[in-house]
Amino acid sequence: MKKINVGIIGFGTIGAGVVKALKARRRFLADKSGVDINIVRICDKDLKTRRPVNVPKKLLTKLIGKVLYDPSIDVVVELMGGLRPAKDIALEALRNGKHFVTANKALLSDSGREIFELAHKLGLCVGFEASVGGGIPIIRAIKEGFVADHIDLVYGIVNGTSNFILTKMAEEGLGFGDALRIAQSKGYAENDPSLDISGGDSAHKLSILALLGFGIEAKPKNIYTEGMTHIEACDIEYANEMGYAIKLLAIAKRSGRALELRVHPTLIPGKHLLSGVNDVYNAIFVKGDLIGDNLFYGKGAGAAPTSSAVVSDIVSIAKTISRGCCKVEKCVAFKKDIDRQKSIDEIRTRYYIRFSAIDKPGVLTKISGILAKYGISIAHVTQKQRKSQKVVPIIMMTHEALEKDMTKALKEIDVLSVMKKKSVRIRVEG
Ligand SMILES: NC(=O)c1ccc[n+]([C@@H]2O[C@H](COP(=O)([O-])OP(=O)(O)OC[C@H]3O[C@@H](n4cnc5c(N)ncnc54)[C@H](OP(=O)(O)O)[C@@H]3O)[C@@H](O)[C@H]2O)c1
C-alpha cells in the first residue's frame with residue numbers, strides 16, 4: 001500500500017483533532033482509500049501544553065522548516081491560523097513540491113488566488129474544505145458536484161457564534177449583550193468576539209465562496225459587511241409577528257454579469273429553509289441554473305467536524321498522489337461569466353425599518369413623505385405600543401427599493417426633531 005507522509009503545522013484545537021482522527025482511524029482510512037496516511041512531523045510554538053492526543057515526542061518540533069524542508073513529506077497541513085506566517089508557509093510548501101491543506105479562511109480570503117495559481121502552475125493540490133462551514137462539504141459540492149452549473153445565488157449562515165446569539169435572542173427574548181454572555185460561557189464565542197459579531201468572519205467565508213462559485217476575487221474589505229450589534233430583541237419579535245426570522249447572512253447573488261456580495265442581518269421568511277437553522281449550526285443555501293435549490297446543513301466549527309473536513313482533503317490528495325497523477329485539477333476555475341461586483345448602493349431589496357419617534361400626530365406623514373420623495377413605497381406599517389415615555393416604535397416594511405435611495409431617505413428622516421433614535425434598517429431576502 002502506498003504510504004503518504006503528512007506534516008502538520010499548528011497543534012491547537014483543530015491540529016490536535018486532525019492528529020487524533022488520523023491516528024485513531026489509520027486502518028479505517030487505509031481500507032477505504034487504499035492509501036496509508038502517516039504523520040511524520042507536528043510543529044507548534046508550544047510543545048508543553050497537554051493535547052487531547054498523545055504523540056511520540058520525536059514527531060514534535062518548534063521549527064516550521066522541519067516540515068517545509070523534509071523531503072519525505074508529501075502534504076503540509078497548516079492549522080495555525082492567521083495571515084503571517086501562514087501565507088509564507090503555503091507558498092514555500094508549494095515551492096518545495098508539497099501539496100497543501102488548510103482550514104484558514106483568513107488566509108484564503110486574502111491570498112487564495114495567489115496560492116491556487118501557484119499550486120496549479122506546479123501541478124500540486126490545495127485542500128481547503130474546512131475553511132467554510134467546518135465539516136459541511138460545501139467546497140467539494142460547489143467545485144465538483146455543481147461543476148455544470150452557473151451558480152445564481154448563495155445564502156450562508158456561516159458563523160455559528162452569531163447564529164447562536166440570534167437564536168437565544170429569538171427564543172428567550174434576551175438582549176444582545178446577555179445572549180453574547182451565554183455564548184461566551186458555553187465556549188461558543190471568544191473573549192474578543194468582534195470578528196464574529198461584526199460579520200468579518202462571514203465576509204472571509206463569503207470571499208472564498210465567491211471565488212469558488214463565481215470566479216470573482218473579492219477581498220473581505222471590498223465586501224459590504226454589517227454586524228448585528230444594533231439588532232434588538234424587539235426587532236426579532238416584530239419580524240416574527242410578520243412571519244420572518246432574522247439571520248446574519250452572507251449573500252452572493254448574480255444579476256446578469258454582475259455580482260452582489262454582502263454580509264448583514266437579514267429578514268428571511270419563516271417558511272424559507274434557512275429560517276429553521278438555529279444555535280451554532282451553519283447552513284449554506286445554493287441555487288444553480290441546473291440543480292435548482294440546495295441546502296447544506298451541519299456543524300460549522302469544533303474540533304471533530306472541522307477535522308473531518310481536513311482529513312477528507314488529506315485523503316483526497318493522498319489518493320491523487322497514489323494514482324500517480326502528474327497533472328492535478330485546478331483548485332478554482334476563474335470563470336469569465338461575472339464582469340463586476342456591484343456596490344451596496346446599487347442593490348435593490350425590500351426593507352424592514354424601525355423608527356423610534358415621539359408619539360405625536362403627523363409623524364407618519366413626515367416619514368412617508370420623505371420615503372415617497374425617494375420613490376420608496378411602503379408595503380406595511382405598524383405603530384407599536386409606546387416603549388418608553390412618549391417614544392413609539394414604528395415598524396415599516398417597504399416594497400423593493402434602491403439602497404442608495406433608502407440611505408438618503410433615512411439620513412433625512414433620522415434628523416427630524418420627532419425622531420428619538422437612529423432608525424434600524426434590516427434588508428429582506430427570500
Ligand atoms: N476552531 C474551529 O472550530 C475552526 C473551524 C474551522 C476552521 N478553523 C481554522 O483552523 C485554524 C486553526 O484554528 P484552531 O481553532 O485550531 O486555532 P488554535 O487552537 O489557536 O491552534 C493554533 C495552534 O497553532 C499554533 N501556532 C500559532 N502560530 C504558530 C507558529 N508561528 N508556529 C507554530 N505554531 C504556531 C498555536 O500556538 P499558540 O497557542 O502558542 O499561539 C496553536 O497551538 C484557523 O485557521 C481557524 O480559522 C477553526
Side-chain angles (χ1 to χ4, degrees), residues 7-21 41-53 55 59-69 76-90 92-93 100-112 115 126-139 156-164 183 186-196 200-209 220 250 279-282 284 298-314:
I8 293 171
I9 304 176
F11 198 25
T13 309
I14 307 303
V18 169
V19 171
K20 196 171 170 187
R41 192 70 71 195
I42 300 167
C43 167
D44 200 285
K45 283 197 296 203
D46 163 17
L47 301 182
K48 291 216 172 84
T49 301
R50 259 185 90 80
R51 309 288 174 180
V53 55
V55 291
L59 292 191
L60 296 171
T61 179
K62 283 186 175 183
L63 302 173
I64 293 171
K66 292 253 182 202
V67 177
L68 292 179
Y69 306 118
V76 170
V77 184
E78 180 276 309
L79 297 169
M80 55 191 268
L83 275 184
R84 298 275 174 174
K87 181 176 175 182
D88 309 303
I89 289 172
E92 194 60 7
F100 182 68
V101 172
T102 184
N104 190 336
K105 56 245 168 192
L107 169 68
L108 294 178
S109 62
D110 181 78
S111 306
I115 294 168
V126 179
F128 53 105
E129 188 59 74
S131 63
V132 182
I136 303 171
I138 186 65
I139 302 292
I157 296 175
V158 285
N159 183 269
T161 307
S162 50
N163 202 38
F164 179 84
K186 286 182 175 287
Y188 297 152
E190 312 261 343
N191 285 338
D192 174 8
S194 44
L195 198 59
D196 295 318
D201 175 73
S202 298
H204 286 153
K205 292 163 182 166
L206 184 61
S207 160
I208 298 170
L209 292 173
D279 296 319
V280 281
Y281 277 88
N282 278 202
I284 299 137
K299 287 186 176 156
T306 309
S307 46
S308 165
V310 174
V311 170
S312 86
D313 279 338
I314 297 171

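Whatever order the structure lists ligands and atoms in, that order sets their numbers, starting from 1.
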I'd like to know if the side chain of Asn104 and the backbone of Gly82 have a donor-acceptor N/O pair within less than 3.5 Å. yes
Among Gly135, Ala103, Gly82, which residue places a heavy atom closest to atom 7 (C) of ligand 1? Ala103
Asp196 side-chain N/O to Ser162 backbone N/O, donor-acceptor pair under 3.5 Å: no
Where ligand 1 meets Ala301 - atom numbers and elements under 4.0 angstrom, heavy-atom basis: 3 (O)
Do Lys205 side-chain atoms and Val158 backbone N/O form a donor-acceptor pair below 3.5 Å? yes
Could you tell me the separation between the CD atom of Glu129 and the OG atom of Ser312, rounded to the nearest 0.5 Å? 5.5 Å
Quick one: does ligand 1 sit under 4.0 Å from the side chain of Lys105, the backbone, both or neither, non-hydrogen atoms only? side chain
Which residue and non-hydrogen atom of the protein lie closest to atom 44 (C) of ligand 1, and at what distance in Å? Gly81 CA, 3.6 Å
Please list, in number order, the atoms of ligand 1 under 4.0 Å from a heavy atom of Ala130. 6 (C), 7 (C)
Near Leu79, which atoms of ligand 1 are under 4.0 Å from a heavy atom of that residue? 12 (C), 22 (C)
Who's the nearest protein heavy-atom neighbour of atom 5 (C) of ligand 1, and how far? Thr306 OG1, 3.4 Å
Short question: side chain of Asn159, backbone of Ser202 - any donor-acceptor pair under 3.5 Å? no
Considering only protein heavy atoms, which is closest to atom 40 (O) of ligand 1, and at what distance to one decimal place? Lys45 CE, 3.7 Å
For atom 20 (O) of ligand 1, is the nearest protein heavy atom under 4.0 Å away? no
Please say whether Asp46 places an N or O atom under 3.5 Å from an N or O atom belonging to ligand 1. no
Counting non-hydrogen protein atoms only, what is the nearest one to atom 14 (P) of ligand 1? Give residue, atom name and distance. Ile14 CG1, 3.9 Å
Please report the C-alpha distance between Val280 and Lys186 in whole Å, then the side-chain angles of each, then the deciding distance to 0.1 Å, and finally whether the side-chain contact (heavy atoms from CB on, under 4.5 Å) criterion is met. CA-CA 11 Å; Val280 281; Lys186 286 182 175 287; over 6 Å; no
Measuring only between side-chain heavy atoms, which start at C-beta, is Ile89 closer than 4.5 Å to Leu68? yes
Should the proximity of Ser131 to ligand 1, defined as any heavy atom under 4.0 Å, be assigned to the side chain, the backbone, both, or neither? neither
Side-chain heavy atoms of Leu60 within contact of Phe11, under 4.5 Å: yes
Rounded to the nearest 0.5 Å, how far does OG of Ser307 lie from CG of Leu79? 9.0 Å
Check: Gly302 N/O within less than 3.5 Å of ligand 1 N/O: yes
Whether Asp279 side chain and Phe164 backbone form a donor-acceptor pair below 3.5 Å: no
Near Gly12, which atoms of ligand 1 are under 4.0 Å from a heavy atom of that residue? 16 (O), 19 (O), 21 (O), 23 (C), 43 (O)
Can you find a protein heavy atom closer to atom 17 (O) of ligand 1 than 4.0 Å? no
Return the closest protein heavy atom for atom 26 (N) of ligand 1 as residue, atom name and distance. Met80 CB, 3.8 Å
Under-4.0 Å salt bridge between Asp46 and Arg51: yes
What is the nearest protein non-hydrogen atom to atom 43 (O) of ligand 1, stated with its residue, atom name and distance? Asp44 OD2, 2.7 Å
